[in-house]
Amino acid sequence: MISEKDIAGMEPFEKKVWLSSPTMHGEELEYVTKAYKTNWMSTVGENINEIEKNVAAYVGCRYAVALSAGTAALHLAIRLAGEKLYGLPRTNEGTLRGHRVFCSDMTFDATVNPIAYENGEAVFIDTERDTWNMDPAALEKAFELYPDVRLIDIAHLYGTPGKIDEIRQIARAHHALIIEDAAESFGATYKGQETGSFGDCNAISFNGNKIITGSAGGMFLTDSKEDADRIRKWSTQSREDAPWYQHEEMGYNYRMSNVIAGVVRGQLPHLEEHIAQKRAIYERYREGFADLPVTMNPYDAENSVPNFWLSCLLIDRSAMCRQVRGEQEPLYLAEHGKSCPTEILDAISSINAEGRPIWKPMHLQPMYRMNPFITARGNGRAQSNAYIDEGRAVDVGADIFQRGLCLPSDNKMEPWQQDRIIEIVHRCFA
Ligand SMILES: Cc1ncc(COP(=O)(O)O)c(C=O)c1O
């Protein structure tokens, strides 16, 4: 539904403006072609070796293992952490075996699912307002409730580093390991250090929508040679050093192809350029929306430099029109001077551009609804309609999901296109 506001008259873009699409430069094709011509068309080859060396050097980790996806990197990272904490499983068991893991709540489900793959239970930790990442105060509270937990799985949402020092300090105090999901934040820094280097095991993604891409792919990052060797072995079906296929432990087909690695190799020199383009988009939105009752996704400018992967909006509570969301469909009532994410996303879509709701928090997802959820205020799990208490949100993630949205953030978007998007958002508040 498009509201009655002056939106319908706006001219759609002939070519769609995407949320975040691949941006190729030419070198990718050269590396892919070379792989083809020299017949290195499998999961070994120069492209893989080069990107492992170069990404490790860039991030500041000693070792990198190129894998088929960021999800694969997270899965093996969590499997390895489980093994370190709880010992070797029998081959058909997950390494977590019922143990709980504290996990970011407002993230993509790939952060969380590997915990279930390994038969663990995710305990979702609510979000703070300064960076939209795991709230250290809620994490502290979670340790009071579940003092036995030894693993924390954190993501940096939309390329914005979270409160890393606080989280690491809490982890240290409770002898917990950290899995760092830097899938969205490759190239973002915290106190001058790259994200993807803070955890005991770290993962990045080269999915097609990420800051740079291989069309797919991901990487496991670590300072431990032993861990890197183990992940490499697991990712190639855990073959033992024997003349025949000999298997002593569970294996996976998770290694990156040398063709995909060629695309990543061609993209790597353009990482900084992509970040600069995304940053310019973020700044332009911020200026363009200065007169509206909205704020941009926040970051800690003193301590961190995001990669600005996605630009997002948060509507002031006083400027929200009524909006309800079922499991599949949203509804809203248009109101003068106010708007809501659904109205704005409809308006953006009407001009052939792509926005997206904020990632729906994991504790609100049907498949994870029964998992524990810890908030900094209140008594843990908030009811779906009761997350506002005395004007303050108890369930911060649900509040940001309700009032926030991701804007078209494609680095090929031109200023005139962005101006039109800024204009249509203004019309939503008319
Ligand atoms: C936070 C987060 N973690 C993990 C992933 C998974 O990466 P991949 O798609 O490469 O498996 C993604 C994105 O896709 C993500 O956004």
Colleague: Do the side chains of Lys53 and Glu50 get close enough for a salt bridge, i.e. N-O under 4.0 angstrom?
Modeller: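 Looking at Lys53 and Glu50, the cut-off is met.
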Colleague: Between the side chains of Glu287 and Arg284, is the shortest nitrogen-to-carboxylate-oxygen separation below 4.0 Å, so that they form an ion pair?
Modeller: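 Between Glu287 and Arg284 there is no salt bridge, as every charged N stays at least 4.0 Å from the carboxylate O atoms.
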Colleague: Restricting to side chain to side chain contact (heavy atoms under 4.5 Å, CB included), what partner residues turn up for Asn49, sequence neighbours left out?
Modeller: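 Here no residue qualifies.
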Colleague: Please list, chain by chain and in numerical order, all residues satisfying salt bridge (charged side-chain N to carboxylate O under 4.0 Å, His left out) with Glu46, sequence neighbours excluded.
Modeller: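 Applying salt bridge (charged side-chain N to carboxylate O under 4.0 Å, His left out) to Glu46 gives Lys34, Arg265.
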Colleague: For residues 281-308, pull every pair meeting ring pair (Phe, Tyr, Trp, His ring centres under 6.0 Å), keeping only residues two or more places apart or in separate chains.
Modeller: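 Checked against ring pair (Phe, Tyr, Trp, His ring centres under 6.0 Å) - neighbours excluded - the pairs reaching residues 281-308 are Tyr282-Tyr299, Tyr282-Phe308, Tyr285-Phe289, Tyr299-Phe308.
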Colleague: Closer than 4.0 angstrom, basic N to acidic O: yes or no for Glu52 and Arg255?
Modeller: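 The answer is yes: the pair qualifies as a salt bridge.
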Colleague: Looking at Val294, Ile344, Leu405, which one forms a side-chain contact (heavy atoms from CB on, under 4.5 Å) with Val425?
Modeller: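 Of the listed options, the one satisfying the test is Ile344.
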Colleague: Taking side chain as C-beta onward, heavy atoms only, is Thr160 less than 4.5 Å from Trp132?
Modeller: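 Of all side-chain heavy-atom pairs linking Trp132 with Thr160, none is under 4.5 Å.
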Colleague: Quick check against the 3.5 Å criterion: does Asp126 have a side-chain atom that pairs as donor or acceptor with the backbone of Thr375?
Modeller: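 Side chain of Asp126 to backbone of Thr375, a donor-acceptor pair under 3.5 Å: no, none is there.
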Colleague: When you check the gap from the basic side-chain N to the acidic O, do Lys84 and Asp200 get nearer than 4.0 Å?
Modeller: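 Salt bridge between Lys84 and Asp200, a charged N being under 4.0 Å from a carboxylate O: no.
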Colleague: Under the ring pair (Phe, Tyr, Trp, His ring centres under 6.0 Å) test, which residues partner Tyr117, sequence neighbours left out?
Modeller: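 Ring pair (Phe, Tyr, Trp, His ring centres under 6.0 Å) list for Tyr117, sorted by chain: His75.
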Colleague: Any idea which heavy atoms bring Lys163 and Tyr190 closest together, and the distance?
Modeller: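 In this case the closest contact between Lys163 and Tyr190 is C-OH, 4.5 Å.
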Colleague: Sequence neighbours excluded, which residues qualify as side chain to side chain contact (heavy atoms under 4.5 Å, CB included) partners of Ala155?
Modeller: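 Checked Ala155 against side chain to side chain contact (heavy atoms under 4.5 Å, CB included); matches are Ser104, Thr107, Thr111, Asp181.
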Colleague: Show every ring pair (Phe, Tyr, Trp, His ring centres under 6.0 Å) that has at least one partner inside residues 395-430, sequence neighbours left out.
Modeller: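 Sorted pair list: Phe13-Trp416.
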Colleague: What do the steps show when you test Phe373 against His363 for ring pair (Phe, Tyr, Trp, His ring centres under 6.0 Å), and what is the final call?
Modeller: CA-CA 6 Å; Phe373 168 57; His363 75 280; 3.5 Å; yes
